[in-house]
Each structure stands twice: as structure tokens, then as C-alpha cells.
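Counting starts at 1 for both ligands and their atoms, following the listed order. Residue numbers start at 1 and run along the sequence shown.
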Amino acid sequence: MKIENIDKKYVLQTYKRNYVNFTHGKNAFLYDDKGNEYIDFMCGISVVNAGHANEYINNKLKEQIDKLAHTSNLFLIEPQAKLAQKIASLFDDNYASFFCNSGTEANEGAIKLARKYGKDERYKIITLKNSFHGRTITSLKATGQTDMHNYFGPFPDGFVYAEDIDDIINKVDKKTVAIMIELVQGEGGLERLDKSKVQEIAKYCKENDILLIVDEVQTGVYRTGEFLASIEYDIKPDIITIAKALANSLPIGAIITKHKDIFSIGDHGSTFGGNFLSSQAGLATLEFLEKLKSSSKLDKTIKNYQENLSSLEQKYPNIIIKKVGHGMMGGYRIKENINIDDIISVAFKNKLLIIKAGKNTIRIFPPLSVEKEVLNDGFHILDYVFSSF
Ligand SMILES: Cc1ncc(COP(=O)(O)O)c(C=O)c1O
């Protein structure tokens with residue numbers, strides 16, 4: 001049986017899958033089984049931020065896998081402790097981490113932490129209408145895009161959706177324990193929240209003993225230019241969640257919080273979370289990206305990326321409403337009369353991988369380590385793609 005048919009028969013069909021068979025990659029390049037070379041401007045949806053087959057990370061992983069891959073969170077896991085220390089050193093030394101395996105799990109944990117903080121008296125969490133926080137039952141209910149809730153109820157109580165950032169405070173009542181936001185909404189279409197309004201919300205939360213949870217699953221790990229978008233927004237949320245790019249491809253998620261005493265022993269756990277392999281990969285990923293940032297390479301790449309984005313924005317007003325996002329988490333809001341799926345498919349035929357966000361946005365997420373020439377080549381292909389619409 002052809003591998004495509006094996007997939008169709010034996011894998012539950014929940015993805016609109018493109019049956020290209022990628023076999024290997026190098027930084028921003030991917031290669032399929034027919035020897036075709038693609039430029040990867042989606043990074044596995046913001047996961048492979050340090051590039052495919054990253055030598056530094058892979059060497060650390062190889063060393064680790066030959067020694068020890070998994071014991072249990074009931075024992076000390078040296079790379080996990082070092083990863084938590086590294087996260088704190090890149091953000092704030094007063095924060096501690098809990099490790100899990102994905103973004104949705106990190107958000108579930110953050111919600112549990114907030115609920116315990118509310119001591120059964122306060123339990124409501126306000127999120128934004130256009131948000132995306134994951135696909136497990138509680139994170140799905142936290143997701144304000146309610147059309148995703150069809151078929152899956154009943155859900156846990158206590159989620160309230162604000163229309164937009166200006167509406168958040170209107171939605172607060174005596175039962176509110178937390179406000180949860182993405183600083184640049186990923187699946188919601190790369191909408192960047194206004195910095196001063198976010199700072200006002202952070203101040204309001206502090207004054208009213210409401211927890212601020214920032215979901216940095218997509219913005220985090222340097223995608224917006226800093227280790228966390230919260231750094232650029234100059235806020236110190238009560239809880240931050242990260243996942244995706246943290247281990248550059250190994251499954252990992254983290255709850256990062258300054259409230260270290262809310263969870264007691266036994267309140268939360270995970271069999272796999274932060275085991276030797278994912279933590280070692282996380283540590284190596286952060287070491288690699290920290291260097292990319294401190295050497296100013298990342299800032300130069302982002303400048304070039306933003307110039308490329310702007311130049312196509314100006315060239316194709318017939319297709320593009322505006323460029324959106326922040327840092328290297330950018331893309332275009334596309335006009336209604338243009339079919340985004342067609343743009344993505346023409347780009348694919350021209351060996352460029354890009355991806356949709358929300359209903360009318362294209363995401364352009366190269367690895368942060370992309371070489372200048374490859375970045376420019378990818379945008380040349382995009383230019384050619386747009387010219388055919
Ligand atoms: C902001 C945000 N939160 C949570 C998630 C869920 O992450 P995961 O797919 O790892 O569960 C995503 C995934 O796209 C996301 O973008």
C-alpha cells in the first residue's frame with residue numbers, strides 16, 4: 001500500500017494533510033523524497049525556531065540519549081533544573097517553572113493554578129473573543145473563538161469572553177480570578193495587542209488581586225524578538241505559558257510563575273513533562289537562541305525580514321490589506337476577494353512553505369536562524385506568487 005493510503009486508513013483524519021513526504025532538513029530548507037528543496041517559512045507552526053537539524057542542539061541531544069532519556073519527576077532531573085534556571089535568568093530570577101508536554105497542557109496547568117489561587121471563592125477567567133489557547137476541553141473553553149466549541153460540551157464553567165482588550169475590565173466581577181491573553185494573537189490572525197493598554201491591564205490586575213496569565217505559546221522563545229513578548233511589553237505577568245519552540249521540536253510546555261507556593265505536592269504532575277531529553281533539548285535551544293540574540297544577529301535578521309514584509313505590502317495593495325504581527329511573527333492580512341488557500345498552494349508549488357492564521361491572514365515564520373540570502377530568496381518566491389494573483 002502507498003504510504004499516503006496507509007496514513008489515510010490507519011491515522012485518524014483530523015488534519016487537512018498535504019501528502020508531501022519530507023525526509024530531511026537543514027536550517028530553513030526541507031527536502032522531500034523526490035529530492036525537491038523547499039524553503040520553510042512556517043517552521044512547523046513556530047516550533048523549529050532554531051532551524052532544522054540544528055547541529056548544536058542535536059549534539060547535546062545525542063549525548064543525552066546515549067546516557068539517559070527518562071526516569072520520573074519523582075527524582076531529580078538535572079537538565080530540567082538547569083532549564084528552569086535558564087528560563088528565570090532570561091526573564092526574572094523570581095519565577096519558577098513547571099514542565100509539561102504542549103501548549104494546551106501548559107494552559108490547563110495555568111488555569112488550575114489560578115483556580116487554586118481563587119480558593120473556591122473566585123474562579124472566573126476572562127479571555128478574548130478572538131483568542132486561541134488549545135484543544136483540550138478546558139483550554140478549548142478558554143479559547144474565545146466559540147465556533148470551535150461545537151460538539152464538545154459540556155465544558156467547565158467560568159470562562160468569560162471580552163470583545164477586545166478595551167472590554168476586559170467591563171467583564172470583571174467578584175468571581176473573577178484571572179485575565180488570560182496572548183500579546184500577539186497567533187491563530188486569531190497575528191493581531192498585536194496595544195502595549196500601553198496591556199500595561200494598563202497589568203496594573204489593574206495587580207491593584208485588584210487578579211492574576212494576569214499571558215499565553216506565550218506562540219509568541220515565546222524569541223519569535224517576537226525577545227525571549228518573551230512580555231519583555232518587550234515590559235510587564236511581569238503572574239503566569240506565563242510557553243511550549244512550541246522551547247525544545248525546537250521535542251514536545252515540551254512550561255508554566256512560568258512568580259506564585260511558587262500555590263501548588264502543593266500532588267496538586268499537579270506529568271509523566272513525561274521535562275524529562276531528560278526534552279529538557280536537554282530545551283536548554284540547548286535557549287543557549288543557541290540566546291547567543292543569536294546577544295550577537296545582534298537576530299535583530300539584524302528581523303530588520304531584514306520586516307523590510308521584506310513592507311516592500312511586498314507596498315507592491316501588492318490589490319492583495320494585501322496590511323502587514324500584521326511583530327518581530328519575526330509576521331504576515332499579511334489578505335483581501336476578502338483573494339483565496340488564501342490558493343496563495344498557499346501556489347507558494348507550495350514554487351517550493352515555499354507558508355501557512356494561514358485565522359480566516360484571512362498569511363503567517364510567514366522563517367527560522368530565526370535563517371541566512372540572509374535564504375530569507376531574501378523566500379520573499380522573492382512570495383513576490384512571484386503574489387504577481388500571479
Ligand atoms: C497561543 C497558543 N496557545 C496554545 C496553543 C496550543 O498549543 P499545543 O498545540 O502545543 O497544544 C497554541 C497552538 O497553536 C497557541 O498558538
Starting from the N and O atoms of ligand 1, find every protein N or O within less than 3.5 Å and list the pair with its distance.
from     : atom 1 : to     : atom 2 : distance (Å)
ligand 1 : 3 (N)  : Phe132 : O      : 3.4
ligand 1 : 3 (N)  : Asp215 : OD1    : 3.3
ligand 1 : 3 (N)  : Asp215 : OD2    : 2.7
ligand 1 : 10 (O) : Gly103 : N      : 2.8
ligand 1 : 11 (O) : Gly103 : N      : 3.4
ligand 1 : 11 (O) : Thr104 : N      : 2.9
ligand 1 : 14 (O) : Glu187 : OE2    : 3.4
ligand 1 : 14 (O) : Lys244 : NZ     : 3.3
ligand 1 : 16 (O) : Gln218 : NE2    : 2.7

Notebook entry, point to check: Of all heavy-atom pairs between Thr127 and Ala142, which one has the smallest distance, and what is that distance?
Noted result: OG1-O, 2.7 Å
Check: Could you go step by step and tell me if His52 and Phe29 meet the ring-ring contact (aromatic ring centres under 6.0 Å, His included) rule?
Finding: CA-CA 7 Å; His52 295 287; Phe29 289 115; 9.9 Å; no
Item checked: ring pair (Phe, Tyr, Trp, His ring centres under 6.0 Å) pairs, two or more places apart, involving residues 315-350 -> Tyr38-Phe348, Tyr316-Phe386, Tyr332-Phe386
Checklist line | Ser46 and Gln218 side chains, donor-acceptor separation under 3.5 Å | finding: no
Next item on the list: Check ring pair (Phe, Tyr, Trp, His ring centres under 6.0 Å) between Phe272 and all other residues, then give those that pass, not counting sequence neighbours.
Entry: His70
Next item on the list: Check ring pair (Phe, Tyr, Trp, His ring centres under 6.0 Å) between Phe159 and all other residues, then give those that pass, not counting sequence neighbours.
Entry: none
